[in-house]
Amino acid sequence: MAGGVADLVAGWLLGVRVAERSRGARARQVLARVIGVLGLVLLLPTTVATTAEVLYARSTMPATEPPPAIWGAYTYVALRPLALLGMTCLLLAVALTPWRRRIR
């Protein structure tokens, strides 16, 4: 559960960072945002399935049994391609984001 929260915070921080740094060439900025949103949409089904699986297992399993793997839904044949495409889109959006160095 702590790992899921850490991933949520890391994703939010990365999104904020990309949004802050995406001031520059307008076409690249728009393309990076569109590809980033597409990546998040593609990751959504797998993330929801993983969260539902873990919450269901926590509510129905006895406390003595270990919880299921948090990456379980990412190994499903139907969801794996979506997750891979989503991560690829997010990485591409970060790469397309114009990164400027601050001059001090």
Out of curiosity, does Leu85 fall in the hydrophobic cluster containing Leu38 (side-chain heavy atoms, cut-off under 4.5 Å, transitive links)? yes

Closest non-hydrogen atom pair, Ala73 against Thr50: CB-OG1, 3.0 Å

Grab the two heavy atoms, one from Cys89 and one from Gly39, that are nearest each other, plus how far apart they are. CB-CA, 3.5 Å

Walk me through whether Thr47 and Tyr74 qualify under side chain to side chain contact (heavy atoms under 4.5 Å, CB included). CA-CA 8 Å; Thr47 304; Tyr74 290 93; 3.3 Å; yes

Examine Tyr76 and Val54 and state if one hydrophobic cluster contains both, with Ile, Leu, Val, Met, Phe, Trp and Tyr joined whenever side-chain heavy atoms are less than 4.5 Å apart. no

Where Leu79 and Pro45 come nearest, the two heavy atoms and their spacing: CD2-CB, 4.2 Å

Would you please test Val30 and Val34 for side chain to side chain contact (heavy atoms under 4.5 Å, CB included) and show each step? CA-CA 6 Å; Val30 170; Val34 168; 4.3 Å; yes

Shortest non-hydrogen contact from Thr46 to Ala83? OG1-CB, 4.0 Å

Can you see which heavy atom on Ala32 is nearest to which on Ala93, and at what distance? O-CB, 3.3 Å

Partner set under side chain to side chain contact (heavy atoms under 4.5 Å, CB included) for Pro81, not counting sequence neighbours: none

So which atom in Met87 and which in Leu43 form the shortest heavy-atom distance, rounded to 0.1 Å? SD-CD1, 3.9 Å

